[in-house]
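In what follows, chains carry the letters A, B, and so on, assigned in the order in which the sequence lines appear, proteins first and then strands, with residues in each chain numbered from 1.
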There are 2 protein chains.
Amino acid sequence: MAAALDFQQMLRGAGLRVTRPRMAVLGAVFAHAHADTDSIIGVVRRELPEVSHQAVYDSLHALTAARLVRRIQPAGSVARYESRVGDNHHHVVCRSCGDIADVDCAVGEAPCLTASDDRGYSIDEAEVNYWGLCPACSAGPVPDRA
Amino acid sequence: MAAALDFQQMLRGAGLRVTRPRMAVLGAVFAHAHADTDSIIGVVRRELPEVSHQAVYDSLHALTAARLVRRIQPAGSVARYESRVGDNHHHVVCRSCGDIADVDCAVGEAPCLTASDDRGYSIDEAEVNYWGLCPACSAGPVPDRA
DNA sequence: CCGTTTTCTTGAACCTGTCAAGAAAACACT
DNA sequence: AGTGTTTTCTTGACAGGTTCAAGAAAACGG
């Protein structure tokens with residue numbers, strides 16, 4: 001768990017100005033993994049009630065560009081953010097409730113980064129998403145989505 | 001390349017009614033891999049100028065549910081559709097222009113379907129996306145996205 | 001402390017995709 | 001073919017998440 005001073009150093013280390021919205025956004029992403037933008041706005045406003053949603057969007061973009069947080073967006077879902085960066089883990093997404101959990105990479109370092117044929121692309125990242133049902137949804141499946 | 005009669009049989013085989021919008025949508029997806037909805041609407045309207053966008057959306061949903069086409073949606077992109085289904089291939093996405101190319105699965109059947117720890121989820125599909133720059137963009141990178 | 005640069009606020013707009021009601025078309029059966 | 005039922009298409013409005021734009025405010029370097 002990182003403290004305010006850590007966040008401040010992270011921002012400065014990334015060449016970003018230290019502002020209260022950014023501090024709060026960074027804290028919110030660290031405290032709530034896989035939160036969507038709306039949830040982050042809610043969390044941030046508990047600390048800074050007057051922040052605009054635009055400030056949160058800008059902060060998230062800046063933090064993402066600085067690689068302090070990672071943006072994930074499974075198909076059919078809104079953007080979500082997480083603080084685990086650089087450890088090459090993957091995600092498992094619930095088809096029913098949209099919940100996301102982390103899955104550590106089975107193979108080791110950069111497992112699937114080697115495409116069989118890169119089609120001439122210069123690949124810098126491999127993303128793996130598992131799709132299924134979370135424990136809660138597979139236990140008592142909701143009747144919709146027939 | 002499939003012909004009109006093939007499309008008709010595909011629809012009937014999937015238990016779907018054969019309508020002109022669906023035939024045209026199916027043809028458009030087969031002819032234009034990885035096209036987004038807007039492009040598909042444009043292609044379909046070259047053949048049927050009066051189709052509503054809603055009909056295209058409905059057709060795409062019906063075809064997707066029937067597994068005749070596959071919907072793909074990399075993060076930050078709109079929905080795209082492709083006709084290769086059931087052969088477990090992956091995609092490489094250009095960070096700059098958003099272009100998508102197919103990549104055959106290196107490992108074989110269902111390669112990464114085995115998560116190291118499934119977190120209690122019942123996983124039914126593994127999705128792999130490679131991110132990088134396409135040949136055109138890595139050759140002459142556009143100046144934006146600084 | 002001051003000036004410059006970046007960031008935040010405010011407010012509106014955009015775009016993909018969805019919802020709803022009625023008209024039209026496709027299929028099954030005779 | 002003709003008819004009736006069911007599904008699908010048209011039309012039009014709407015929704016949510018995200019972005020754009022202009023000016024005010026805050027952060028940083030000297």
Phosphate OP1/OP2 of [N]: any [X] side-chain N/O under 4.0 Å:
X: B/Thr19; N: D/dT7; answer: no
X: B/Arg20; N: D/dC9; answer: no
X: A/Ser59; N: C/dT7; answer: no

Answer with base, sugar-phosphate or nothing: what part of the nucleic acid does A/Ala79 contact at a heavy-atom distance below 4.0 Å? sugar-phosphate
By the 4.0 Å heavy-atom rule, please label A/Ser52 as base, sugar-phosphate, or nothing. base
For the residue pair A/Asp102 / A/His91, report whether a side-chain donor-acceptor contact shorter than 3.5 Å exists. yes
Examine the base of D/dT8 for any acceptor or donor lying under 3.5 Å from a partner atom in the side chain of B/Arg22, and report the outcome as yes or no. no
Can you tell me how far [atom2] of [N] sits from [atom1] of [X], to the nearest Å?
X: B/Asp36; N: C/dT16; atom1: CG; atom2: P; answer: 8 Å
X: A/Arg12; N: C/dT6; atom1: CZ; atom2: C1'; answer: 14 Å
X: A/Leu63; N: C/dT6; atom1: CG; atom2: C1'; answer: 15 Å
X: A/Asp38; N: D/dG16; atom1: CG; atom2: P; answer: 11 Å
X: B/Leu11; N: D/dC9; atom1: CG; atom2: P; answer: 10 Å
X: A/Ile41; N: D/dG16; atom1: CD1; atom2: P; answer: 14 Å
X: A/Arg80; N: D/dT18; atom1: CZ; atom2: C1'; answer: 16 Å
X: A/Leu16; N: C/dT7; atom1: CG; atom2: P; answer: 7 Å

Of the listed nucleotides ([options]), which one gets closest to any side-chain atom of [X]?
X: A/Gln54; options: C/dG17, D/dA21, D/dG17; answer: D/dA21
X: A/His53; options: D/dG17, C/dA12, D/dT11; answer: C/dA12
X: A/Tyr57; options: C/dG17, D/dT10, D/dT18; answer: D/dT18

Side-chain touch [X]/[Y], heavy atoms, less than 4.5 angstrom:
X: A/Glu47; Y: A/Arg20; value: no
X: A/Ile100; Y: A/Pro74; value: yes
X: B/Arg71; Y: B/Leu60; value: no

Among the clusters formed by ILVMFWY side chains lying less than 4.5 Å apart, do A/Leu48 and A/Phe30 turn up in the same one? yes
Pairwise 5' ranking along DNA chain C for B/His61 and B/Arg17, keeping only the more 5' one: B/His61
